[in-house]
Amino acid sequence: MRQPIIAGNWKMNNTIAGTKALLTDLIPLVKDAKAEVVVCVPYTNIAAAGELIKGTNIKLGAENVHWAEKGAFTGEISADMLVELGVEYVIIGHSERRQYFGETDQTVNARVKAALAKGLKPIICVGETLEEREGGLVKDVLVRQTTEAFKDIDKSQLENIVIAYEPVWAIGTGKTATAQDANDTIAIIRDTMANLYCKDCAENKVRIQYGGSMNPKNASELMAMPQIDGGLIGGASLKAVDFSQVVKY
Ligand code: 13P
């Protein structure tokens with residue numbers, strides 16, 4: 001069985017003060033959640049968030065990690081640095097990084113390897129743009145992004161990896177993929193994993209989230225779909241009540 005996983009992606013939001021306020025509200029609201037609950041926070045908030053969620057069911061995540069172990073990479077953060085702060089999950093290849101910061105399928109793969117080597121669990125983001133969708137390229141894009149992201153990744157690591165299907169046109173726009181569409185598109189990704197690894201690996205090992213304007217109103221419908229194992233939540237993760245309602249879908 002694949003345990004559902006709901007992760008907040010705070011993106012570039014919240015100072016340390018805001019982190020404390022949000023998590024203090026959130027902790028009691030999600031304490032009985034059946035899903036695994038993760039908050040992926042900006043680097044500067046990781047230490048404070050880690051202190052606050054100690055002993056709770058909320059797990060700590062980061063929003064990116066560099067592929068090198070260390071060295072002359074001004075402004076970057078390594079896997080060791082995240083591990084030292086108690087980080088468990090790390091988002092890799094978010095569409096905003098692909099769009100604004102030159103992230104490629106190759107750098108995604110390099111980051112995934114670096115994260116796994118240090119025991120971090122990657123949340124690998126894939127998803128098509130509106131242009132690609134309208135051009136009938138959804139399958140091509142998802143097969144390519146998934147295949148490249150998992151290059152040289154051993155089967156034994158699949159239980160430590162989450163995939164987030166985030167159609168770019170649904171992020172921050174209020175437009176959600178219909179539950180059926182999200183389900184069917186995630187099935188393409190799962191088929192790809194079956195081809196890359198094995199059917200059992202795809203069915204039982206790797207979890208695939210949906211992300212893109214997921215909120216308290218649409219969460220239960222999305223989570224009811226057989227292919228959808230959770231959500232990666234942007235805007236709605238910034239409000240404790242909203243996020244808790246998604247977590248409890
Ligand atoms: P929104 O939930 O704000 O659409 O963001 C989704 C997302 O990008 C999560 O990584």
Side-chain angles (χ1 to χ4, degrees), residues 4-14 18-19 22 26 30 35-43 45-46 49 58-65 87-101 103 108 111-112 115 120-130 132-133 138 141-142 145-146 149 161-179 181-183 185-186 189 207-223 225 228-249:
I5 174 168
I6 310 277
N9 173 10
W10 287 9
K11 309 192 179 183
M12 195 172 73
N13 292 292
N14 286 322
T19 298
L22 177 49
L26 185 65
V30 300
E36 200 175 341
V37 186
V38 184
V39 289
C40 300
V41 306
Y43 293 135
N45 300 346
I46 290 173
I58 303 177
K59 295 177 175 173
L60 191 57
E63 299 178 17
N64 195 13
V65 62
V87 169
E88 183 171 343
Y89 284 93
V90 59
I91 297 171
I92 295 176
H94 192 277
S95 64
E96 286 148 18
R97 298 222 57 93
R98 294 180 192 256
Q99 190 176 352
Y100 305 127
F101 301 101
E103 189 83 73
V108 168
R111 290 183 208 278
V112 170
L120 292 168
K121 298 174 181 167
I123 299 175
I124 303 174
C125 300
V126 298
E128 80 287 356
T129 62
L130 184 59
E132 288 163 341
R133 171 157 284 245
V138 175
V141 169
L142 294 177
Q145 288 179 341
T146 306
I161 302 176
V162 175
I163 300 174
Y165 167 59
E166 299 207 308
V168 179
W169 48 270
I171 295 177
T173 58
K175 285 185 202 160
T176 331
T178 63
D181 196 25
N183 184 75
T185 313
I186 287 175
I189 299 169
R207 290 179 291 176
I208 309 183
Q209 299 171 312
Y210 168 78
S213 299
M214 195 161 160
N215 60 44
K217 287 204 179 74
N218 57 29
S220 60
E221 196 191 351
L222 286 159
M223 291 301 293
M225 301 309 285
I228 300 180
D229 301 327
L232 186 56
I233 321 300
S237 74
L238 299 174
K239 291 190 182 139
V241 170
D242 286 6
F243 187 58
S244 72
Q245 287 173 352
V246 174
V247 162
K248 292 182 173 171
Y249 54 91

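Order of listing sets the numbers, starting from 1, for every ligand and every atom in it.
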Chemist: Applying the side-chain contact (heavy atoms from CB on, under 4.5 Å) criterion to Leu120, which one of Val90, Ile92, Val112 satisfies it?
Modeler: Val90
Chemist: Do you know the tightest heavy-atom contact between Lys175 and Trp169?
Modeler: CB-O, 4.1 Å
Chemist: Dump all N/O pairs between ligand 1 and the protein below 3.5 Å as a table: atom names plus distance, one pair per row.
Modeler:
unit_1	atom_1	unit_2	atom_2	d
ligand 1	2 (O)	Ser213	N	3.4
ligand 1	2 (O)	Gly234	N	2.9
ligand 1	3 (O)	Gly235	N	2.8
ligand 1	4 (O)	Gly172	N	2.6
ligand 1	4 (O)	Ser213	N	2.7
ligand 1	5 (O)	Lys11	NZ	3.2
ligand 1	8 (O)	Lys11	NZ	2.8
ligand 1	8 (O)	His94	NE2	2.8
ligand 1	8 (O)	Glu166	OE1	3.4
ligand 1	10 (O)	Asn9	ND2	3.0
ligand 1	10 (O)	His94	NE2	2.9
ligand 1	10 (O)	Glu166	OE1	3.1
ligand 1	10 (O)	Glu166	OE2	2.9

Chemist: Does the side chain of Lys121 reach to within under 4.5 Å of the side chain of Val38, using non-hydrogen atoms?
Modeler: no
Chemist: Side chains of Glu103 and His94: donor-acceptor distance under 3.5 Å anywhere?
Modeler: no
Chemist: Can you list everything that forms a side chain to side chain contact (heavy atoms under 4.5 Å, CB included) with Ser237? Sequence neighbours excluded, please.
Modeler: Trp10, Ile233, Phe243
Chemist: Which heavy atom of Asn218 sits nearest to which heavy atom of Ser213, and what is that distance?
Modeler: ND2-O, 2.9 Å
